[in-house]
Amino acid sequence: LATDALVAHYPLTAKDSTTTIANAVNKENTGRVLFASNKNEKVGGDLVAKVDENHEGFLLNGDDSLYFPHENHFNRATPFTVSLNAKLPETLKEAALIHFNLSSTLYNYKGFDVSIVDSHWIVRLAHTYPYNAITLRSKSPITTEQWQHVTMSYDGSSKASGVNFFINGDLIEMSVERDNLYKDIRHPSNDGLGLVTGLKVGARWRDRGAANVIVDNLKIWSRAFTSN
């Protein structure tokens, strides 16, 4: 992908810790681990660094999310692109991989997410899912046991036609299940349950996380891509 409009790059390496995940674009805007995907949980496991086929990344546990609080600028009217490298285990059938949600059903998936449901990719932007939302589902099932470059891009149009999803640079054929987004996807503030705004990878509160997925090289752009 192009380097213009790159607003964040988290390489995800063994130098990171649960309290600091380095950002190569802005060193002050670091990420961290959000234990149990909730700010009230103060104790959890260490980051598990993994080297696999020349990729250096983290092995996710499905409960604790990689949390990027400074990546909190997404909204319905603004283009953005998010990408990372991921290796999915053969046993994976359902998982939240990348999301900008407080939770799943409690807040009707408000925000956006790239998830796996019934072994297929789901890309969703929602104010209140399923009625005020865009939802796309891949026509082909996910590929497992190999590294993939996963990219979601959105052009700010509030239309399903403005959402593109790529694997390894190839535009993936998606079925449009919902195309009715007309209110914003942002949460006004953090809630009283310990759920916080910001981009997260690998886990969502009280939902199925991406256990045993390896991820590296998270990047975010302030523009949309029609080709990868």
Side-chain angles (χ1 to χ4, degrees), residues 1-35 37 39 46-60 64-87 96-102 111-115 123 125 147-156 162-169 184-187 189-190 196-204 210 213-228:
L1 289 173
T3 57
D4 65 305
L6 181 67
V7 297
H9 175 202
Y10 300 89
L12 308 181
T13 72
K15 296 179 180 179
D16 294 323
S17 68
T18 56
T19 57
T20 304
I21 299 175
N23 181 348
V25 172
N26 187 330
K27 294 182 179 180
E28 295 183 357
N29 291 352
T30 59
R32 63 181 177 89
V33 173
L34 191 65
F35 297 125
S37 299
K39 72 174 184 179
D46 291 331
L47 278 174
V48 178
K50 187 85 170 178
V51 177
D52 184 276
E53 299 178 24
N54 298 318
H55 289 265
E56 181 183 5
F58 298 148
L59 179 66
L60 303 173
D64 305 326
S65 55
L66 308 181
Y67 175 46
F68 307 95
H70 299 283
E71 311 315 323
N72 194 26
H73 40 75
F74 307 100
N75 64 70
R76 178 173 67 96
T78 303
F80 64 85
T81 299
V82 179
S83 77
L84 54 64
N85 297 323
K87 186 176 182 180
L97 183 61
I98 309 167
H99 71 90
F100 181 65
N101 308 130
L102 291 186
F112 75 83
D113 65 303
V114 176
S115 297
V123 178
L125 297 98
W147 280 97
Q148 303 168 74
H149 187 237
V150 180
T151 303
M152 172 198 175
S153 189
Y154 170 65
D155 69 359
V163 181
N164 285 318
F165 184 65
F166 306 90
I167 298 291
N168 297 331
D184 204 5
I185 64 173
R186 292 185 58 82
H187 290 270
S189 63
N190 303 333
V196 289
T197 59
L199 190 69
K200 305 172 191 77
V201 171
R204 186 163 48 202
V213 173
I214 313 172
V215 294
D216 81 345
N217 219 29
L218 173 68
K219 293 183 178 182
I220 302 153
W221 290 261
S222 60
R223 56 163 285 192
F225 292 91
T226 55
S227 61
N228 194 346

When rounded to the nearest 0.5 angstrom, what distance separates [atom1] in [X] from [atom2] in [Y]?
{"X": "Leu6", "Y": "Arg223", "atom1": "CG", "atom2": "CZ", "answer": "11.0 Å"}
{"X": "Lys15", "Y": "Glu56", "atom1": "NZ", "atom2": "CD", "answer": "8.5 Å"}
{"X": "Ile98", "Y": "Ile220", "atom1": "CD1", "atom2": "CD1", "answer": "9.0 Å"}
{"X": "Ile214", "Y": "Leu84", "atom1": "CD1", "atom2": "CG", "answer": "12.5 Å"}
{"X": "Phe58", "Y": "Ile21", "atom1": "CZ", "atom2": "CD1", "answer": "5.5 Å"}
{"X": "Ser83", "Y": "Trp221", "atom1": "OG", "atom2": "CH2", "answer": "3.5 Å"}

Expected output: side-chain Asn23 to main-chain His9 donor-acceptor under 3.5 Å: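 A pair under 3.5 Å: yes.
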
Under 3.5 Å: donor-acceptor pair, side chain of Ser65, backbone of Tyr67: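 Checking the backbone N and O of Tyr67 against the side chain of Ser65, no donor-acceptor pair under 3.5 Å is found.
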
What are the two closest non-hydrogen atoms of [X] and [Y], and how far apart are they?
{"X": "Ser153", "Y": "Ala224", "value": "OG-CA, 3.2 Å"}
{"X": "Thr197", "Y": "Lys200", "value": "C-NZ, 4.1 Å"}
{"X": "Lys39", "Y": "Val196", "value": "CD-CG1, 3.6 Å"}
{"X": "Ala22", "Y": "Pro11", "value": "O-CD, 3.7 Å"}
{"X": "Ala203", "Y": "Ser37", "value": "CB-OG, 3.5 Å"}
{"X": "Asp216", "Y": "Gly57", "value": "CB-CA, 3.7 Å"}

Residue pair Arg32, Thr30: steps toward the side-chain contact (heavy atoms from CB on, under 4.5 Å) verdict: CA-CA 7 Å; Arg32 63 181 177 89; Thr30 59; over 6 Å; no

May I ask you to test the [X]-[Y] pair for a side-chain heavy-atom distance under 4.5 Å?
{"X": "Phe100", "Y": "Arg186", "answer": "yes"}
{"X": "Asn217", "Y": "Leu12", "answer": "no"}
{"X": "Thr78", "Y": "Tyr154", "answer": "no"}
{"X": "Asn26", "Y": "His70", "answer": "no"}
{"X": "His73", "Y": "Ser222", "answer": "no"}
{"X": "Phe165", "Y": "Val150", "answer": "yes"}
{"X": "Val215", "Y": "Leu97", "answer": "yes"}
{"X": "Leu66", "Y": "Leu60", "answer": "yes"}

CA sep, side-chain torsions, deciding dist, call: Phe80, Glu71, side-chain contact (heavy atoms from CB on, under 4.5 Å): CA-CA 11 Å; Phe80 64 85; Glu71 311 315 323; over 6 Å; no

Qualifying residue, where the test is side-chain contact (heavy atoms from CB on, under 4.5 Å) with Phe74 and the options are Val82, Leu125, Asp184: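 Exactly one pass, corresponding to Val82.
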
Working for side-chain contact (heavy atoms from CB on, under 4.5 Å), residues Thr18 and Asp64: CA-CA 10 Å; Thr18 56; Asp64 305 326; over 6 Å; no

Steps toward side-chain contact (heavy atoms from CB on, under 4.5 Å) verdict (Lys87, Lys50): CA-CA 11 Å; Lys87 186 176 182 180; Lys50 187 85 170 178; over 6 Å; no

Ring geometry between Trp147 and His55 (parallel below 30°, tilted from 30 to 60°, perpendicular above 60°):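 Judged by the thresholds at 30° and 60°, the geometry between His55 and Trp147 is parallel.
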
ring-ring contact (aromatic ring centres under 6.0 Å, His included) assessment of Phe68 paired with Tyr10: CA-CA 9 Å; Phe68 307 95; Tyr10 300 89; 4.4 Å; yes

